[in-house]
Number of protein chains: 2
Amino acid sequence: MRLSLTSLMPVLVWGRRYNRADLSSDLTAAVIVTMMLVPQSLAYAMLAGLPPQAGIYASVLPIILYAVFGTSRALAVGPVAVVSLMTASAVGQVAAAGTAGYAVAALTLALLSGLMLIALGLLRFGFLANFLSHPVIAGFIIASGLLIAAGQARHILGIRGGGNTLPEILHGLWLNIGGTNTPTLMIGLASLGFLVWVRKGMKPALKRLGAGEGLATLLTRAGPVFAIVATTAAVEALGLHEKGVAIVGTIPQGLPPLTLPGLSPDLLGALLLPAALISIIGFVESVSVAQTLAAKKRQRIDPDQELIGLGAANIGAAFTGGFPVTGGFARSVVNFDAGAATPAAGALTAIGLALAALALTPLLYFLPQATLAATIIVAVLSLVEPAILRRTWAYSRRDFASVLATILATLGFGVEAGVSTGVALSLLLHLLNTARPHVAEVGLVPGSQHFRNIQRHQVETLPGVLMLRVDESLYFANARAIETMVLDRLAADPAIREVVLMCSAVNVIDFSALESLEALAHELAAQKVRLHLSEVKGPVMDRLQGSRFLKDLNGKVFLSQYDAWRAIIADAPTVHLE
Amino acid sequence: MRLSLTSLMPVLVWGRRYNRADLSSDLTAAVIVTMMLVPQSLAYAMLAGLPPQAGIYASVLPIILYAVFGTSRALAVGPVAVVSLMTASAVGQVAAAGTAGYAVAALTLALLSGLMLIALGLLRFGFLANFLSHPVIAGFIIASGLLIAAGQARHILGIRGGGNTLPEILHGLWLNIGGTNTPTLMIGLASLGFLVWVRKGMKPALKRLGAGEGLATLLTRAGPVFAIVATTAAVEALGLHEKGVAIVGTIPQGLPPLTLPGLSPDLLGALLLPAALISIIGFVESVSVAQTLAAKKRQRIDPDQELIGLGAANIGAAFTGGFPVTGGFARSVVNFDAGAATPAAGALTAIGLALAALALTPLLYFLPQATLAATIIVAVLSLVEPAILRRTWAYSRRDFASVLATILATLGFGVEAGVSTGVALSLLLHLLNTARPHVAEVGLVPGSQHFRNIQRHQVETLPGVLMLRVDESLYFANARAIETMVLDRLAADPAIREVVLMCSAVNVIDFSALESLEALAHELAAQKVRLHLSEVKGPVMDRLQGSRFLKDLNGKVFLSQYDAWRAIIADAPTVHLE
């Protein structure tokens with residue numbers, strides 16, 4: 001696909017056709033999403049170790065930039081739980097939480113991540129995200145959810161603590177649990193209980209009270225707002241902040257500020273790898289949400305353009321006091337359900353959030369951190385779907401191993417180690433599998449021209465003829481294994497005079513495999529055994545044409561295995577069907 | 001294969017049948033190889049940065065242990081050029097050359113390497129060596145040869161210098177070239193010239209003088225010995241060692257001593273990765289030599305048992321004052337040509353070397369280092385075979401890239417970086433290839449039941465039926481690409497009512513791909529398009545049986561593509577052949 005201004009800025013396409021009906025849908029969606037995003041933004045900023053306003057800032061310009069460059073109609077961009085956790089982990093390695101250096105490093109992380117995403121998009125390297133397998137993503141999200149929930153527990157208890165791994169977090173809780181603050185715990189547990197009820201029981205209850213589906217849904221979505229209003233009021237009324245309840249405190253009023261990320265080589269070097277991991281994880285999360293929602297309306301998204309949209313959003317976050325952002329699942333689904341017709345819904349949400357930042361922040365002075373922690377815990381625990389363990393176990397032990405290793409590495413060694421382990425292990429298991437390929441001896445399915453495994457099907461064979469279907473591309477990791485296997489078969493059965501390698505599953509023959517095939521041909525010629533190939537694919541044959549191997553081959557290359565079968569019978573009239 | 005005492009110790013098999021004829025062959029081979037090994041052992045010890053006797057020590061017990069545990073009849077184990085270079089590079093990072101710590105670290109490296117080789121052998125993980133592709137090995141050997149030759153140049157010039165990479169070595173030569181010692185240079189150039197002539201012109205010259213083939217070969221092999229005798233005599237007679245010619249000096253007389261490798265955790269940690277690389281490179285070099293020689297006599301070697309043999313040899317080296325060893329190409333070929341009948345030839349060689357260590361070392365006091373350097377240079381330059389660059393370029397750009405990257409990384413960043421880069425790049429290129437698989441639309445080859453690419457062959461198709469052959473296993477890296485590709489094809493041609501995925505080249509469907517297939521089936525069902533599979537292999541079908549995918553599929557799974565073709569025609573009588 002050629003790069004053009006309209007393909008780089010999808011806003012130029014949908015913006016021209018924008019009408020009043022679209023505006024009405026988008027405006028409704030924006031109001032609902034704004035209501036949901038205010039507390040969520042504060043909470044994820046806290047999770048990232050940043051002051052609460054950073055969460056709002058990270059939701060304004062990024063949303064607008066995504067609306068200009070992104071292709072999804074419903075994706076809502078902003079801070080999300082997993083990326084916030086990864087931010088805390090990465091930035092925590094270069095600066096102490098709460099310092100100016102910490103905030104600057106978070107900006108740098110967003111900038112690096114944005115630049116990487118745009119570079120991948122311009123190079124059309126979006127497919128690289130596919131190297132993160134479903135089992136690895138699922139395992140990573142489960143483990144991140146658990147890590148986040150465990151990490152927020154200290155805010156519910158009102159104690160100190162911290163850590164990037166489950167043992168560290170649990171150790172911190174264990175050391176400090178004696179200092180639990182009772183008013184904080186009561187607020188935290190009440191919020192948790194209420195929010196769980198909002199998710200599970202509020203909608204049916206409202207309907208029983210006679211509320212319509214629409215109103216019930218709306219009120220349910222506003223649940224976290226109720227919790228915030230109620231607990232904020234309780235703290236103010238009872239003066240709980242003087243009894244040890246940690247509150248949000250002063251949030252500066254105003255529009256997102258212009259900020260500059262740190263650009264020192266040391267900082268850039270230290271954040272390079274985390275930024276790459278955040279980019280990939282953020283992209284994968286965002287694209288899967290966008291694809292899921294687009295499929296519901298028979299729309300398609302362009303993953304490479306999504307990279308550019310997300311990259312622009314992150315660069316926006318870097319210059320307006322934010323931190324790394326991506327397309328979030330919960331907010332996007334809400335946006336979609338609320339009827340967002342175009343990316344303008346996002347822009348309107350941004351305006352709503354900017355107004356909130358201007359006007360509402362003084363109202364949040366007494367908001368207890370325990371309430372925000374409860375919001376986060378309830379949100380992330382919904383991401384923990386252990387069914388993937390059962391499903392992969394049933395389907396393939398290899399995929400199960402990837403899930404389990406990713407979960408354990410993430411819990412035990414943190415998010416970066418977790419993703420890296422998962423990707424490395426899944427690639428390794430795949431490669432090991434191709435290094436020891438399945439090879440089937442085949443025979444003719446009676447009454448057809450089709451050849452199948454002699455151990456699974458009733459098939460016909462020819463005496464003295466070994467027909468092998470190699471179920472893998474031939475490349476360096478397995479080239480010698482195939483050579484050895486054929487020679488071992490010949491050593492075991494000296495009656496074999498013809499060997500046919502059926503290459504229907506051989507998609508590549510690389511240079512190492514070519515050399516092994518040459519050695520095999522040489523060896524078979526010395527043993528007076530003919531070597532044939534069949535069903536060699538076009539692209540593979542193109543390469544072989546120029547090689548010495550075909551010249552030296554003492555057998556033939558047949559279009560189909562059946563052609564090989566007939567030719568061998570014709571060549572050796574004494575051969576008879578068994 | 002079950003582990004048994006006789007499989008673990010092949011000596012128990014061939015030792016029982018050992019006879020006088022074998023002894024005679026083996027004794028002749030041993031005399032010839034000993035003559036060749038004395039100077040070579042001194043030279044490779046110098047290359048590894050160790051005192052000359054270490055080279056002899058590393059050739060005694062290791063040879064005997066390999067004779068007990070190894071499977072090759074002709075392989076001669078001892079110090080080799082590339083592994084000596086890798087030893088110098090690894091040990092140079094933890095200790096200064098010439099110190100006691102350096103020698104101890106070399107022992108530790110041999111121990112670690114030996115333990116790793118044995119572990120791989122017992123786990124039967126010999127196939128892991130296949131992950132080193134031919135292009136990577138070839139590139140690595142070329143670059144190592146160049147590095148070694150450049151590194152020895154300072155001994156020819158009689159100057160100081162050093163370095164593990166080509167820029168470092170050249171920089172060292174540049175800085176010190178002013179101090180070139182003329183007598184050293186003359187000895188060095190004379191030795192180089194003579195040794196080149198020995199390789200290229202001596203045998204024909206001897207034959208012209210009337211020598212028989214056998215005598216000519218024997219004298220040619222002894223060439224390095226002549227060079228050593230002549231230059232040693234020249235130094236002693238002319239007192240050149242007092243004019244700045246560096247000589248070998250005192251070599252302690254005696255059998256290999258009992259030594260203990262260093263076992264401090266720091267040392268072990270620092271040498272772990274280099275030991276792994278040395279093990280793999282040494283194993284690959286050794287096994288390819290052993291296989292080449294075994295094939296000439298229609299023998300087979302057991303790569304897993306070879307690991308154990310080499311591992312034992314390295315552990316032997318670690319406890320007798322040596323350094324990492326492996327099966328060498330030159331010495332093994334000589335051993336083979338000289339008629340070695342059993343591994344006992346190796347044991348006899350070890351006795352010869354032990355005698356040399358006891359008796360001959362005083363004679364080598366005046367041996368100039370320049371002569372040893374010339375021996376090394378001539379030996380390693382014969383390893384530099386640039387034809388691999390031309391051959392891979394002609395066959396596949398991907399393999400060419402692997403060769404070139406390995407050469408450049410080895411020259412520019414040293415042996416460890418070189419091997420690692422080569423392996424990582426070749427795996428990456430392979431994976432990228434499978435991530436964007438070839439997919440062919442197929443049709444029926446007239447008059448057959450065989451289906452081929454419609455763009456390459458004259459084939460028949462059915463209107464409204466899309467038949468796709470996916471030329472790759474379906475796994476996480478390409479799962480989504482296939483899904484997208486099919487949906488794009490459908491979007492481009494709304495007339496399609498049936499899709500058949502011909503799975504003859506699909507060797508695995510992993511969990512991620514299963515989920516993509518489920519999504520695809522769901523999407524096609526929504527578009528009222530039927531999805532069929534054909535030629536699904538046994539192992540793939542086994543997994544699918546338990547999955548939801550087959551239950552939800554709105555089409556069928558056909559044994560062969562031709563069955564699918566006939567069923568679709570039968571189902572829709574309006575469909576006609578075009």
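Lettering of chains follows the sequences in order, A, B, ..., and the numbering in each one begins at 1. Being a predicted model, the structure only gives us computed values, none of them experimental.
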Exercise. Checking A:Leu428 against chain B: side chain, backbone, both or neither under 4.5 Å from a heavy atom?
Worked result: neither
Exercise. Out of A:Ser426, A:Ala491, A:Ser547, which one racks up the most heavy-atom pairs below 4.5 Å with chain B?
Worked result: A:Ser426
Seminar exercise, completed: Honestly, the part of A:Tyr475 sitting under 4.5 Å from a heavy atom of chain B is side chain
Exercise. Using 4.0 Å as the upper bound for N to carboxylate O, is an ion pair formed by A:Arg391 and B:Glu515?
Worked result: yes
Problem set entry | Student check: side-chain heavy atoms of A:Gln449 and B:Tyr562 closer than 4.5 Å | no
For this session: Sort A:Asp399 into side chain, backbone, both or neither according to what part of it lies under 4.5 angstrom from a heavy atom of chain B.
Result: side chain
For this session: Determine whether A:Leu544 and A:Val557 make a side-chain contact, defined as any pair of heavy atoms from C-beta on separated by less than 4.5 Å.
Result: no
Exercise. Which region of B:His457, side chain (C-beta onward) or backbone (N, CA, C, O), has a non-hydrogen atom less than 4.5 Å from a non-hydrogen atom of chain A, or is it both or neither?
Worked result: side chain
For this session: Heavy-atom distances under 4.5 Å only: say whether A:Ser402 touches chain B with side chain, backbone, both or neither.
Result: neither
Exercise. When only pairs under 4.5 Å are counted, which of A:Val136, A:Ile137, A:Thr484, A:Thr434 shares the most heavy-atom pairs with chain B?
Worked result: A:Thr484
Problem set entry | Ring centers of B:Phe558, B:Trp565 separated by less than 6.0 Å | no
Exercise. Which bit of A:Val508 is near chain B, if near means a heavy-atom gap under 4.5 Å: side chain, backbone, both or neither?
Worked result: side chain
Exercise. Under 3.5 Å, side chain of B:Arg469 to main-chain N/O of B:Ala440, donor-acceptor pair present?
Worked result: no
Seminar exercise, completed: Applying a strict 4.5 Å limit to non-hydrogen atoms, the region of A:Glu535 in contact with chain B is both
Exercise. Does A:Arg436 make a cation-pi contact with B:Phe127 (under 6.0 Å, within 45 degrees of the axis)?
Worked result: yes
Exercise. With only heavy atoms counted, which part of A:Val445 is less than 4.5 Å from chain B, the side chain, the backbone, both or neither?
Worked result: side chain
Exercise. Under 3.5 Å, is there a donor-acceptor pair between the A:Gln561 and A:Ser534 side chains?
Worked result: yes
Exercise. Using non-hydrogen atoms only, which part of B:Leu429 is less than 4.5 Å away from chain A: side chain, backbone, both, or neither?
Worked result: neither
Exercise. Non-hydrogen atoms of chain B under 4.5 Å away: do they reach the side chain of A:Leu559, the backbone, both or neither?
Worked result: both
Seminar exercise, completed: So, the part of B:Asn453 with a heavy atom under 4.5 Å from chain A: the answer is neither
Problem set entry | Contact leader toward chain B among A:His438, A:Arg452, A:Gln455, where contacts are heavy-atom pairs under 4.5 Å | A:Arg452
Exercise. What closest approach, in Å, do B:Pro135 and B:Val403 show between heavy atoms, and which atom pair accounts for it?
Worked result: CB-CG2, 3.4 Å
Problem set entry | Most chain A-contacting option - heavy-atom pairs closer than 4.5 Å, from B:Ser448, B:Cys503, B:Ala505, B:Ala513 | B:Ala505
For this session: Would you indicate whether the side-chain heavy atoms of A:Leu524 and A:Leu490 approach each other to under 4.5 Å?
Result: yes
Problem set entry | SB check A:Arg124 A:Asp302 (cutoff 4.0 Å) | yes
For this session: Give the member of A:Asn433, A:Val506, A:Leu487, A:Asn478 that has the highest number of heavy-atom pairs under 4.5 Å with chain B.
Result: A:Leu487
For this session: Check each atom of A:Asp563 against the heavy atoms of chain B and say whether the ones under 4.5 Å are side chain, backbone, both or neither.
Result: neither
Problem set entry | Contacting region of A:Arg456 [heavy-atom separation from chain B under 4.5 Å] | side chain
Problem set entry | Side-chain donor/acceptor of A:Ser473 to backbone N/O of A:Asn507, under 3.5 Å | yes
Problem set entry | Side chain, backbone, both or neither of B:Arg398 within contact of chain A (heavy atoms, under 4.5 Å) | side chain
Problem set entry | Check: A:Asp471 main-chain N/O paired with B:Lys537 side-chain donor or acceptor under 3.5 Å | no
